[in-house]
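Here the structure is laid out as structure tokens; the discussion comes afterwards.
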Amino acid sequence: MTVYKLRTPISEEDARKLKVNDTIYITGTIFTARDEAHHRALEFHKEGKEIPLDLQGLAVFHCGPIVKKKDDKWIIVAAGPTTSTRMDLFEDEFIRNFNVRVVIGKGGMGRKTTDAMKKYGAVYGAFTGGAAVLAAKAVKNVKSVEWHDLGMPEAMWVLNVEDFGPLTVAIDTYGNNLFEDIRKSVEETRQKIYEKLSV
Amino acid sequence: MVNEKTIEDVAVKLLQLAVTELPKDVKAALQRAYREEESDAGKTQLKAILDNVDLAEKTRTPMCQDTGIIIFYVKAGAQVENLGKIENALYRATIRATKEVPLRPNAVNPFTQKNSGDNTGRFLPFINWEVTSGDSVELTVFPKGGGSENVCALGMLRPGDGVKGLKKFVVDTLIKSGAKPCPPNILGVAVGGGADIVMKLAKKALLKPLDTPNPDPELAKLESELYEAANMTGIGPMGLGGTFTVLGVNVDYASRHPASYPVAVAFQCWAARRASARIHEDGKVEYLTHEAV
Ligand code: SF4
């Protein structure tokens, strides 16, 4: 296990250095996107319309934050990760079209996304589920909010972060998927547990 | 006479304490897990949880963005006057805490999908009543997050399946849940009664402190057996693999119908939020799980 501190924009080369079980901290720009923002970005891409910011080398965070406005400034109150599997539907296309290098969320993602990460050079960083205060603390300020019409949780919040993490690399560019490996090994222990309990 | 306003104020305080500060036994269990965790990823996750818990406590911010649906347990002494006023006081406390703490509004009408915005709605906050002797009121708040609730399971087993069936059901349910309930978890396991009774007991078992052994030696043995089995799975903190999938297992039971063998498994995530206080007849308030500032 190695600890890496990455700065955005992250190069494909740097993303390809990471291996499952490594820990990463990100400094620079990350943005939140859940189902709706993914959907819109891909629609825009299809129609040849420009999206509000260049996502190349950035990290996409599966998160619907709680944000409040104070003296005209947005402040992130809580920003825990949401379950990533919902984004499996379109994450492969998203990675291919926008060249994000890190996908941050909880619970891991499936085969299709894992394959895209291998092909285009991106990793999945698992952020501790529920650790909303820790995430909010790493956010230095909100750079902008795009597509606010989608509502607070679904909008794209562009965040300036410092040492955002720890993120456990759970999918790397070698096709390794830690969550899948764990699921398999858990499955293998099932019989042993039955035996131990004599059931 | 227990004053209505006192109940409301104490309930607001308890909600605030619950979502911002873990009870000592849970904190100690997480610290122990961090010390003893064998996997690197698991250790990293546990450290993040502990740092997050620390920050939440210091800044008086909810430790997780999902502050759950609001559940109260009330043990009301039969001699307490004003018992009829408690429900209203808890309702008002929920609305106030949602604004003041703040809590995330989580009460959604299942047909219109409309969120009430203040954590109240039909049957919410939910109040579990118990009438006891005496002249004090014991109030427990239990804000319950969605992630761990979604993997709770009820099994209507056959009596012939017996305790073996119960153990297998617990292991299968846990393996199926994987990373979803934000492990390390606390498991509440119950058997007997009927479909509703068994789940009620399992949920209530989540409130038992982790550092007090079960007084019933048979149940204590079952608890430690299930605890070891759960941590043999290797699911680990946040499902990333490791030693600590659960922090504790609490078992309870009720007598059953000869033809039924109901089993329930309730999950609590690491953000095990609960807080209790006793309000005495003379208005004195005793906080049982937290030191109230
Ligand atoms: S399962 Fe618990 S810790 Fe995880 S997001 Fe839900 S409430 Fe928070």
Test item: B/K43 side-chain N/O and B/Y34 main-chain N/O as donor-acceptor pair under 3.5 Å
yes
Does the side chain of A/E91 pick up a donor-acceptor pair with the side chain of A/T113 at under 3.5 Å?
no
If the threshold is 4.0 Å, N to carboxylate O, is there a salt bridge linking [X] and [Y]?
X	Y	value
B/E21	B/R60	yes
A/K112	A/D88	no
A/E180	A/R111	yes
B/K58	B/D54	yes

Does any heavy atom of chain B fall under 4.5 Å from the side chain of [X], the backbone, both, or neither of them?
X	result
A/I66	side chain
A/T23	side chain
A/L134	both
A/K106	side chain
A/L178	side chain
A/E187	side chain

Tell me which of these, A/P166, A/A132, A/S198, A/A78, has more heavy-atom pairs under 4.5 Å with chain B than the rest.
A/A132
Of the listed A/R190, A/E188, A/K192, the one with the largest count of heavy-atom pairs under 4.5 Å with chain B is A/R190
Contact winner vs chain A - B/P102, B/C64, B/A271, heavy-atom pairs under 4.5 Å
B/C64
Highest number of heavy-atom pairs under 4.5 Å with chain A among B/Q65, B/K164, B/M63 belongs to B/Q65
Going by the angle between their ring planes, with limits at 30° and 60°, are A/F94 and A/H38 parallel, tilted or perpendicular?
tilted
Does any backbone or side-chain atom of B/T245 lie under 4.5 Å from a heavy atom of chain A? Answer side chain, backbone, both or neither.
neither
Under 4.5 Å from a heavy atom of chain A, the part of B/D172 involved:
both
Side-chain donor-acceptor pairs of residues 175-182 of chain B under 3.5 Å, sequence neighbours excluded:
from	atom 1	to	atom 2	distance (Å)
B/S177	OG	B/L174	O	2.7

